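Worksheet for the structure shown next.
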Amino acid sequence: MIASKNILVTGGAGFIGSHLVKHLVAKYPEYTVFNLDALRYSGNLENLKEVKDQKNYRFLHIDITDLDRLKEVFARHSFDFIIHLAAESHVDRSIKEPFIFSHVNILGTQNLLHLAKDQWGTNADKRFYHISTDEVFGSLEETGKFNEKTPYDPRSPYSASKASSDHLVRAYFHTYGLPIVISNCSNNYGPNQFPEKLIPLFINNILNNKPLPVYGTGENIRDWLFVQDHVQAIDCILHQGKIGETYCIGGNNEWTNIALIKELCAQMDKKLQRNNGASEKLIQFVSDRAGHDFRYAIDSSKIQNDLGWTPTHTFEQGLSKTIDWYLANSAWLQNVTTGKYQQYYAEMYNSK
Ligand code: NAD
Ligand code: TYD
C-alpha cells in the first residue's frame, strides 16, 4: 500500500506542471497534491479542469517571491515532496525583461529551499525536486550530447537564472543536508503549452494565416520531448531518484527547426484539408535571436539505466497528438491569445 503524502507542486497551472498535477492526482489518490501558482500569463486553471473537484487536489494562489505568504503555507501544511516548476520560462521574454527572471527563478527558488530546510532538516524521507533545463549547459556544436557531468555554461538570462537556481538547490544539499534531486530536460511540447514557444505559436499562426517567423537560418537543433514522457520521468525520479543526484531527460529526438516546421506544416495541411504546401508558404526567415544557442541534445542513459525510464512517443506521433489537441481546443487557444492574456500574447507576437 502507498503511504499518504502531501505533495507541493509549484507552477502546477502551467504547461508541464498541469500535466504533472493531473497525473499525480489520478495515479496516487492517497497523495494530496497542492498546486501553488501565481497564475502569471502562462498559468491557467483551465488546464486543470479535470482535477479541480478531486478530493486530493488543492489550489494555492501564491507567488513564490512572496516569502510571508509562503511561510503561512509552510506553517499550515507539512509537505513530504516539493516538486518545483514555477518559473519564468521563455528565452525570448528573458532577453526583453531579464530582471523578472532572476527575481522569480532565483529568489523564488531560494524562498522554497529555505522553508523546506526549516520544515524538514535533513530528513531523508523528504524530497525537494527541482525541474530544470538542459539550457544551463549552453550550446553544442554538431556532435556530442549533454549529460549529468557537462559543465554549466548558460548563455541567456533565462538559462542563467535556471543555472543559478540549480546551484542554490545543490548548495542547500551540501550546506544543510536538504534532500534534493534535480532533473535537466530538453524542449517539451504537447497540449496546453502557451503559444509563445515554437510549436504552439506556429500552430496558432497557421490557423490564423499569420507568418511563421523562423529565426536565422532555421538550422538550430533542439531535442524534443513529449510532455507526457517528461511527466513519467518526473514520477520515476520523484520515487526512485537518489538524494543529491541529477538526471538528464531527453527525447532522443533531434530536429533542425526548419525540418520540424516543415513537418508541422505538412501535418497541418493534412488535418485542415488545405492544399499541400499552403502552410509552408507562411514561413518567413527573420533576424536571429540574440545569443541563439545552436544545438541542444541530451544523453539520457543515466535515467534509462538506473531508473528504467525511456521516452515512448515518436516525434511524428507526439506532434500529431499535439496538433489534434489544439484543433479540438480552439476556445482554449482563443482565450489565451485574447482577454486578460492579450497583453502578453501581443508583446510576443508584435515583436516578431
Ligand atoms: P510555463 O510558463 O507553462 O509555466 C510556468 C508556471 O509557473 C505558470 O503556471 C506560472 O503561472 C507559474 N509562475 C510563474 N511565476 C510564478 C511565481 N512568481 N510564483 C508562482 N508561480 C509562478 O512553463 P513550463 O514550460 O511548464 O515550465 C515549467 C518548468 O519546467 C520551468 O521551471 C521551466 O524552466 C522548466 N523546463 C521547461 C521546459 C520546456 O520545454 N517547457 C524544458 C526544461 C525545463
Ligand atoms: P523555443 O520554443 O522558444 O524554445 P527554446 O528557445 O527554449 O529552445 O524555441 C525553439 C527553437 O525555435 C529555438 O531554436 C528558437 C526557434 N524559434 C523560432 O525560430 N521562431 C520563433 O518564433 C520561436 C518562438 C522560436
Side-chain angles (χ1 to χ4, degrees), residues 9-21 35-45 47-48 60-66 69-70 83-95 100-101 103-105 107-109 111-112 130-136 139 156 158-159 161-162 165-166 183-190 192-202 205 211-225 227 230 234 249-251 255-258 260-261 283-289 291-296 298 336 344 348-349 351-352:
V9 177
T10 71
F15 165 49
I16 302 170
S18 61
H19 286 277
L20 176 66
V21 166
N35 169 18
L36 187 153
D37 199 297
L39 298 182
R40 293 256 313 145
Y41 72 91
S42 62
N44 183 349
L45 290 179
N47 295 344
L48 294 154
L60 303 167
H61 188 192
I62 291 175
D63 190 314
I64 57 168
T65 63
D66 186 341
R69 300 263 342 257
L70 284 182
I83 315 177
H84 175 37
L85 297 96
E88 290 290 333
S89 68
H90 189 36
V91 174
D92 290 329
R93 278 181 196 276
S94 82
I95 295 168
I100 182 84
F101 281 70
H103 187 62
V104 171
N105 298 358
L107 183 68
T109 301
N111 285 342
L112 292 161
H130 186 222
I131 305 297
S132 191
T133 168
D134 60 356
E135 302 189 25
V136 298
S139 180
S156 72
Y158 164 66
S159 55
S161 70
K162 293 296 288 188
S165 52
D166 282 1
S183 58
N184 298 87
C185 74
S186 60
N187 290 62
N188 283 221
Y189 69 102
N192 304 89
Q193 189 171 30
F194 192 81
E196 61 182 354
K197 310 262 168 58
L198 179 71
I199 291 178
L201 176 74
F202 278 29
N205 286 8
L212 307 177
V214 180
Y215 298 159
T217 60
E219 293 303 322
N220 300 62
I221 294 170
R222 298 291 182 264
D223 174 359
W224 293 91
L225 176 66
V227 66
H230 186 197
I234 294 174
I249 311 169
W255 287 72
T256 63
N257 290 339
I258 193 67
L260 180 159
I261 291 160
I283 291 176
Q284 276 184 14
F285 289 90
V286 299
S287 315
D288 209 353
R289 173 189 277 173
H292 195 174
D293 288 340
F294 174 62
R295 174 170 166 260
Y296 305 143
I298 289 254
V336 304
Y344 300 107
M348 289 320 299
Y349 191 73
S351 65
K352 303 241 153 130

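In listed order, ligands and their atoms are each counted from 1. What you see is a predicted model; the values in this text were computed from it and never measured.
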| field | Stepwise side-chain hydrogen bond (donor to acceptor under 3.5 Å, both in side chains) check, Glu135 with Tyr296 | value | CA-CA 7 Å; Glu135 302 189 25; Tyr296 305 143; 3.2 Å; yes
| Could you walk me through whether Lys197 and Ser89 pass the side-chain hydrogen bond (donor to acceptor under 3.5 Å, both in side chains) check? | CA-CA 10 Å; Lys197 310 262 168 58; Ser89 68; 3.0 Å; yes
| From CA spacing to verdict: side-chain hydrogen bond (donor to acceptor under 3.5 Å, both in side chains), Asn184, Asp166 | CA-CA 9 Å; Asn184 298 87; Asp166 282 1; 3.2 Å; yes
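Every atom of ligand 1 is numbered from 1 in the order shown, and the set under 4.0 Å from a heavy atom of Leu39 is 11 (O). In summary, the atoms of ligand 2 found under 4.0 Å from a heavy atom of Val214, numbered by their order in the structure, are 19 (O). Within ligand 1, the atoms closer than 4.0 Å to a non-hydrogen atom of Val104 are 15 (N), 18 (N), numbered from 1 in the order shown. Near Lys197, meaning under 4.0 Å from any of its heavy atoms, are these atoms of ligand 2: 2 (O). Of all atoms in ligand 1, numbered sequentially from 1 with element shown, those under 4.0 Å from a heavy atom of Lys162 are 31 (C), 32 (O), 33 (C), 34 (O). Applying the 4.0 Å criterion to heavy atoms of Asn187 picks out, from ligand 1, the atoms 40 (O). Atom numbering of ligand 2 starts at 1 in the shown order; those under 4.0 Å from a heavy atom of Pro213 are 18 (C), 19 (O), 20 (N), 21 (C), 22 (O). Close contacts of ligand 2 with Asn257, meaning ligand atoms under 4.0 Å from a residue heavy atom, involve 11 (C), 12 (O), 13 (C), 14 (O), 16 (C). Against a heavy-atom cut-off of under 4.0 Å, Ile62 is close to the following atoms of ligand 1: 19 (N), 20 (C). Within the listing of ligand 1, atoms 1 (P), 2 (O), 23 (O) sit less than 4.0 angstrom from a heavy atom of Ser89. Distances below 4.0 Å separate heavy atoms of Glu135 from the following atoms of ligand 2: 5 (P), 7 (O), 8 (O). Numbered from 1 in the order shown, with element, the atoms of ligand 1 that lie under 4.0 Å from a heavy atom of Ser186 read 42 (C). Interface atoms of ligand 2 facing Asn187, defined by a heavy-atom separation under 4.0 Å, are 4 (O), 5 (P), 7 (O), 8 (O). Using a 4.0 Å cut-off to heavy atoms of Ser132, the atoms of ligand 1 that qualify are 43 (C), 44 (C). Ligand 2 places these atoms under 4.0 Å from at least one heavy atom of His90: 3 (O). When each atom of ligand 2 is checked for a heavy atom of His292 under 4.0 Å away, the hits are 13 (C), 14 (O), 15 (C).
The option from Ile16, Thr133, Leu70 that lies nearest to atom 38 (C) of ligand 1, judged by heavy atoms, is Ile16. Within the set Asn35, Asp37, Asp63, the minimum heavy-atom distance to atom 10 (C) of ligand 1 is found for Asp37. Here the shortest heavy-atom distance to atom 13 (N) of ligand 1, taken over Gly14, Ala87, Ser18, Gly12, belongs to Ala87. The residue among Tyr158, Phe15, Phe101 with a heavy atom at the shortest distance from atom 36 (N) of ligand 1 is Tyr158. Between atom 21 (N) of ligand 1 and the options Ala38, Ser42, Ser165, the minimum heavy-atom separation is to Ala38.
In terms of protein heavy atoms, atom 28 (C) of ligand 1 is closest to Leu85 O, 3.6 Å. The protein heavy atom nearest to atom 22 (C) of ligand 1 is Ala86 CB, 3.8 Å. Protein heavy atom at the shortest distance from atom 19 (N) of ligand 1 is Ile64 N, 2.9 Å.
For a threshold of 3.5 Å applied to N or O pairs, the pair formed by Asn188 and ligand 1 contains at least one separation below that value. Looking at ligand 2, you'll find an N or O of Tyr215 within less than 3.5 Å of one of its N or O atoms. Of the polar atoms of Asn220, none of the N or O atoms is found under 3.5 Å from an N or O of ligand 2, judged by distance alone. Polar contact check, Glu196 against ligand 2: no nitrogen or oxygen pair lies under 3.5 Å apart. Considering backbone and side-chain N/O of Val91, none are found under 3.5 Å from N/O of ligand 2.
Figure legend: cation-pi geometry between Arg93 and Tyr41, with NZ or CZ positioned under 6.0 Å from the six-membered ring centre and within 45° of its axis. Both tests do not hold together for Arg289 against Tyr215: distance to the six-membered ring centre under 6.0 Å, angle to the ring axis within 45°.
In this structure, Tyr189 and Val227 have side chains that are not in contact, with every pair of non-hydrogen atoms separated by 4.5 Å or more. Looking only at side-chain heavy atoms (C-beta outward), Leu201 and Glu196 stay at 4.5 Å or farther from each other. Proximity of Pro200 to Gln193: side-chain heavy atoms (C-beta onward) are separated by under 4.5 Å at one or more points.
Considering OG1 of Thr10 and CD1 of Ile62, their distance stands at 11.5 Å, rounded to 0.5 Å. Atom CZ in Phe194 sits 7.0 Å away from atom OG in Ser42 (nearest 0.5 Å).
Remark: of the listed residues Ile249, Asp134, Asn187, Ile249 is the sole one forming a side chain to side chain contact (heavy atoms under 4.5 Å, CB included) with Leu225. Here the options are Asn257, Leu260, Val214, the test is side chain to side chain contact (heavy atoms under 4.5 Å, CB included), and the partner is Phe202; only Val214 passes.
The proximity of Arg289 to ligand 2, defined as any non-hydrogen pair under 4.0 Å, is limited to the side chain. Of the heavy atoms in Glu135, none comes closer than 4.0 Å to ligand 1. Looking at Thr133 against ligand 2, nothing comes within 4.0 Å, counting heavy atoms. At a 4.0 Å heavy-atom cut-off, ligand 2 touches Tyr296 through the side chain alone. Here Cys185 has heavy atoms under 4.0 Å from ligand 1 in both its backbone and its side chain. Counting heavy atoms closer than 4.0 Å to ligand 2, residue Leu201 contributes side-chain atoms (C-beta onward) but none from N, CA, C or O.
Put simply, no part of Asn44 is less than 4.0 Å from ligand 1, judged by heavy atoms. Taking 4.0 Å as the cut-off, Gly108 does not count as a neighbour of ligand 1 on heavy-atom distance. Thr10 does not count as a contact of ligand 1, since none of its heavy atoms falls under 4.0 Å from the ligand. The shortest separation from a heavy atom of Phe202 to ligand 2 is under 4.0 Å, placing the residue in contact.
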